[in-house]
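Beneath this line is the structure, given in structure tokens, with notes to follow.
Quick note: numbers below take in every heavy atom, side chains included, and nothing from hydrogens, waters or symmetry partners.
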Amino acid sequence: MSTAPNRRAVAVILLIPLIVTLALWAFAWPAARIAPRDLPVGVAGPASAAQQLEQRFEQRDGAFDVHRFDDEAAARTAIEDRTVYGAVVVTPRGPHLLTASAASPVVSQLLHEAVTASVPEDTPVRVTDVVAAPPGDPRGSALGASVLPLALAGMAAGAVVTLMGLRGARAAVTLIGAAALVGLAATAVAHSWLGALTGDWWTVAGVLALTVLAIGSAVAGLAALFGPRGIGLGALLMVLLGNPFSGVTSAPELLPEPVGAIGQWLPPGAGGSLLRSVAFFDGSAAGAAVLTLSLWTLFGLAAVLFARRAPTPAEPVEPAREPALTG
């Protein structure tokens with residue numbers, strides 16, 4: 001009796017729990033450890049009062065990265081530029097909290113709780129949402145839920161291109177075309193129908209398409225370099241790690257270190273940050289995310305175009321040419 005089927009059965013029995021454990025770690029651990037870690041916030045107002053408030057923030061060691069501003073106008077500008085998530089303006093009537101629920105509803109709530117706890121119980125805290133989340137998605141749920149479908153769409157594009165045996169320019173054109181259509185369809189749903197995204201329609205579509213292209217190109221490129229095993233590596237990076245490490249449902253600065261930073265180096269996290277920038281902040285602080293997505297796209301397309309790999313089962317094997325007879 002052959003032992004090969006038995007070995008494969010044992011491998012499956014051991015592999016499934018390992019994958020489930022990895023998925024639970026990747027998805028559940030960051031969600032269970034959400035807390036501010038060098039979260040950029042601002043303080044504005046008279047020097048003495050602002051200094052006292054800054055010291056209260058700094059008492060929570062490593063939780064906040066405090067920026068000082070001269071007045072409320074400077075603090076508002078910093079929020080709109082995505083330099084800080086929110087700011088506290090010290091006024092004679094009490095603290096005035098400036099938030100940006102479009103940047104992160106979770107952070108806005110966290111700042112409100114932190115400021116309320118730091119002032120006397122009878123002191124009112126006035127709150128102004130400088131950049132509010134759209135009425136169609138006030139809690140940011142739709143935006144947070146969009147990362148996984150984009151990752152799956154990119155995974156599917158890269159895997160199908162590989163398994164169908166497409167190579168070279170044909171594979172690259174297929175990836176670009178699929179990503180463009182996904183960007184248009186996703187924008188029609190999230191922007192036009194749900195109202196979860198605002199900003200320029202075509203710019204949002206371009207960001208969604210670039211995110212899918214970066215993921216799909218990376219998966220196809222890894223497969224071009226390592227064969228079908230590259231698809232599994234792509235799934236690990238883009239779905240099992242990229243989605244929960246993206247910080248789209250909360251903020252990268254709320255995730256355990258270095259998860260938040262790693263997530264922004266992967267296409268799902270960079271795509272989510274770029275989508276926030278173009279949808280709600282007129283493209284502010286978009287440079288790093290654009291660079292990340294562009295590098296993944298260039299790497300993937302270059303591997304697809306130039307890497308030499310063994311053919312997949314779907315590809316015909318070209319017969320070797322016999323040397324021409326002479327004489």
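Within 6.0 Å of CG on Asp282 lie no more than 12 heavy atoms contributed by other residues, nucleotides or ligands. Counting non-hydrogen atoms of neighbouring residues, nucleotides and ligands closer than 6.0 angstrom, the CH2 atom of Trp201 exceeds 12 such neighbours.
Here ring pair (Phe, Tyr, Trp, His ring centres under 6.0 Å) pairs that include residues 32-64, with residues two or more places apart or in two chains, are Phe57-Phe64. Within the structure, every pair that satisfies the side-chain hydrogen bond (donor to acceptor under 3.5 Å, both in side chains) test and touches residues 245-272, not counting sequence neighbours, is listed here: Tyr85-Glu253, Gln264-Ser273. Sequence neighbours left out, the pairs with a member in residues 29-54 that pass salt bridge (charged side-chain N to carboxylate O under 4.0 Å, His left out) are Glu54-Arg68.
With rounding to the nearest 0.5 Å, the separation of CD1 in Ile215 from CG in Leu175 is 12.0 Å. In this structure, Phe281 CZ and Leu274 CG are separated by 13.0 Å, a value rounded to the nearest 0.5 Å. Between the CE atom in Met155 and the CG atom in Leu152 there is a gap of 8.0 Å [rounded to 0.5 Å].
Note on Ile262 and Leu233: same hydrophobic cluster, where clusters join Ile, Leu, Val, Met, Phe, Trp and Tyr whose side-chain heavy atoms are under 4.5 Å apart, directly or indirectly. Hydrophobic clustering (side-chain heavy atoms under 4.5 Å, transitive across Ile, Leu, Val, Met, Phe, Trp, Tyr) keeps Val106 apart from Leu275. Residues Val90 and Val125 fall within the same hydrophobic cluster, defined by Ile, Leu, Val, Met, Phe, Trp and Tyr side chains chained together at heavy-atom separations under 4.5 Å.
Pro105 pairs by the side-chain contact (heavy atoms from CB on, under 4.5 Å) definition with nothing, not counting sequence neighbours. Here Glu72 pairs with Arg76 under the salt bridge (Lys or Arg N to Asp or Glu O under 4.0 Å) rule; sequence neighbours left out. Remark: Asp129 engages Ser101 in a side-chain hydrogen bond (donor to acceptor under 3.5 Å, both in side chains) (not counting sequence neighbours). The side-chain contact (heavy atoms from CB on, under 4.5 Å) check on Pro134 picks up Asp137, Thr198, Phe280, with sequence neighbours excluded. Every residue was checked against the side-chain hydrogen bond (donor to acceptor under 3.5 Å, both in side chains) condition with Arg56, not counting sequence neighbours, and none meets it. In terms of the side-chain hydrogen bond (donor to acceptor under 3.5 Å, both in side chains) criterion, residue partners of Arg126 (sequence neighbours excluded) are, by chain and number, His96. With sequence neighbours excluded, the residues forming a side-chain contact (heavy atoms from CB on, under 4.5 Å) with Ala153 are Val182, Val212, listed by chain and number. For Ala190, the side-chain contact (heavy atoms from CB on, under 4.5 Å) partners at least two apart in sequence or on another chain are Leu197.
With hydrogens and angles left out, the side-chain atoms of Gln55 and Gln59 include no donor and acceptor closer than 3.5 Å.
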Cut-off 3.5 Å, no hydrogens considered: what does the side-chain donor-acceptor table look like for residues 285-295, sequence neighbours left out?
residue: Thr292; atom: OG1; partner: Ala288; partner atom: O; Å: 3.0
residue: Ser294; atom: OG; partner: Val290; partner atom: O; Å: 2.7

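Counting heavy atoms from C-beta outward, Thr99 and Val127 have side chains that approach closer than 4.5 Å.
Taking the six-membered ring where tryptophan is involved, the planes of Phe299 and Trp296 are perpendicular, since the angle between them exceeds 60° and thus also 30°.
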